[in-house]
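Working notes for the structure below.
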Amino acid sequence: MEQKIKKAGFKMTVMMGVVLSLYMSLYNNFNSGNFSPAMLLVSFVVSFVISILIGMIVPMSKISKALAQKMQPGPGLRAVEALISDAIYTPIITFFMILVVRNLAPVLVSKAAEHEALASGAPADVAARAAAGAAAEVSASLPPFLNMFIGSFLICYALGFFVIYVAQPILMKIAFKGIEMPGPGGPGKKPE
């Protein structure tokens, strides 16, 4: 039984990691002004790995159990769990995603400019200058790191609360299907 609970808990961590990473990657890439499928994929992978690492380090199930002993099951408990989870995951993932965008956007734009210049018949040195100019232009257009982080964090924190609040009970039903857990707020307990 203990092994089933651990597997289900890891499954829950993975599923929640996918959900959080997907919405944050989509939002941050559309908001960056330099959307590209490659940047979306890289930011998704980075945020997914970070969310899994956080999920393996932070004992959310223990936090949930402690809250369940102090609060009545229901929307209030779910809201507090969502706020705590959001407060743990969102700042860390946002920080790394901003780093990825700031470092990857100039590289992707540079490669695209170089490819376009070479495709139009420009010599290699002209294509290299076009690539360097495009990268410098993108770097110069990015706001300061702190501004990007704060703006993104505030929006992602608000969105994250609703995503976690809605997704968590659904994902718990899927991850812990067939596992009966005693006590209030246990993973096998039906969400309110």
Side-chain angles (χ1 to χ4, degrees), residues 1-32 40-101 146 148-192:
M1 183 63 147
E2 184 74 24
Q3 192 66 17
K4 281 185 178 181
I5 293 171
K6 283 184 180 183
K7 282 183 183 180
F10 183 73
K11 185 177 179 181
M12 175 69 186
T13 299
V14 170
M15 289 188 301
M16 189 57 90
V18 168
V19 170
L20 289 172
S21 299
L22 184 60
Y23 102 82
M24 289 182 78
S25 297
L26 285 169
Y27 170 76
N28 284 318
N29 277 281
F30 280 117
N31 192 44
S32 73
L40 176 66
L41 181 62
V42 169
S43 63
F44 173 78
V45 169
V46 167
S47 62
F48 177 70
V49 168
I50 292 167
S51 67
I52 295 301
L53 291 173
I54 294 169
M56 293 173 72
I57 294 169
V58 177
M60 283 306 297
S61 62
K62 289 181 181 178
I63 294 169
S64 292
K65 285 179 188 176
L67 285 171
Q69 291 175 352
K70 295 178 181 181
M71 296 180 69
Q72 293 294 324
L77 175 59
R78 278 186 41 217
V80 172
E81 286 176 333
L83 281 171
I84 290 171
S85 186
D86 199 13
I88 293 168
Y89 283 84
T90 301
I92 297 168
I93 294 173
T94 301
F95 177 83
F96 283 102
M97 288 182 73
I98 297 297
L99 282 179
V100 166
V101 168
L146 193 58
M148 285 181 77
F149 175 78
I150 291 172
S152 181
F153 169 73
L154 293 175
I155 298 293
C156 286
Y157 190 77
L159 289 173
F161 170 77
F162 291 107
V163 168
I164 294 168
Y165 186 84
V166 170
Q168 190 172 25
I170 295 166
L171 297 178
M172 283 185 80
K173 274 185 178 180
I174 294 167
F176 289 91
K177 185 176 183 174
I179 299 174
E180 290 297 321
M181 303 271 308
K189 184 167 177 66
K190 281 192 167 193
E192 306 288 322

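Under the side-chain contact (heavy atoms from CB on, under 4.5 Å) criterion, Ser152 pairs with Tyr27, Asn28, Thr94, Ile98, Cys156, sequence neighbours left out. Residues satisfying the side-chain contact (heavy atoms from CB on, under 4.5 Å) test with Leu83, not counting sequence neighbours, are Tyr157, Phe161.
Side-chain contact between Phe10 and Met56 is present, with heavy atoms from C-beta onward closer than 4.5 Å. Between Thr90 and Met24 there is a side-chain heavy-atom pair separated by less than 4.5 Å. Using a 4.5 Å cut-off on side-chain heavy atoms (C-beta onward), Pro91 and Phe153 make contact.
The minimum heavy-atom distance linking Asp86 with Gly160 is given by the pair OD2-C, 3.6 Å. Closest approach of Thr13 and Ile52 over heavy atoms only: O-CD1, 3.8 Å. Here the shortest heavy-atom pairing between Val19 and Ala167 reads CG1-CB, 4.2 Å. Ala175 and Met15 make their closest contact through CB-CE, 3.6 Å (heavy atoms, listed as atom of the first residue, atom of the second, distance). The shortest non-hydrogen separation linking Ser85 to Ile164 is OG-CD1, 4.0 Å. Residues Met12 and Phe176 come closest through the heavy atom pair CB-CE1, 4.2 Å.
One distance of note links OG of Ser43 with CD1 of Ile50; it measures 10.5 Å at 0.5 Å rounding. Remark: Tyr23 OH to Phe44 CZ distance equals 13.5 Å, nearest 0.5 Å. The CE atom of Met172 sits 7.0 Å away from the CD atom of Glu81 when rounded to the nearest 0.5 Å. Separation of atoms CD1 (Ile54) and CD1 (Ile92) is listed at 4.0 Å; rounding is to 0.5 Å. Expressed to the nearest 0.5 Å, how far CD1 of Ile84 lies from OH of Tyr89 amounts to 12.5 Å.
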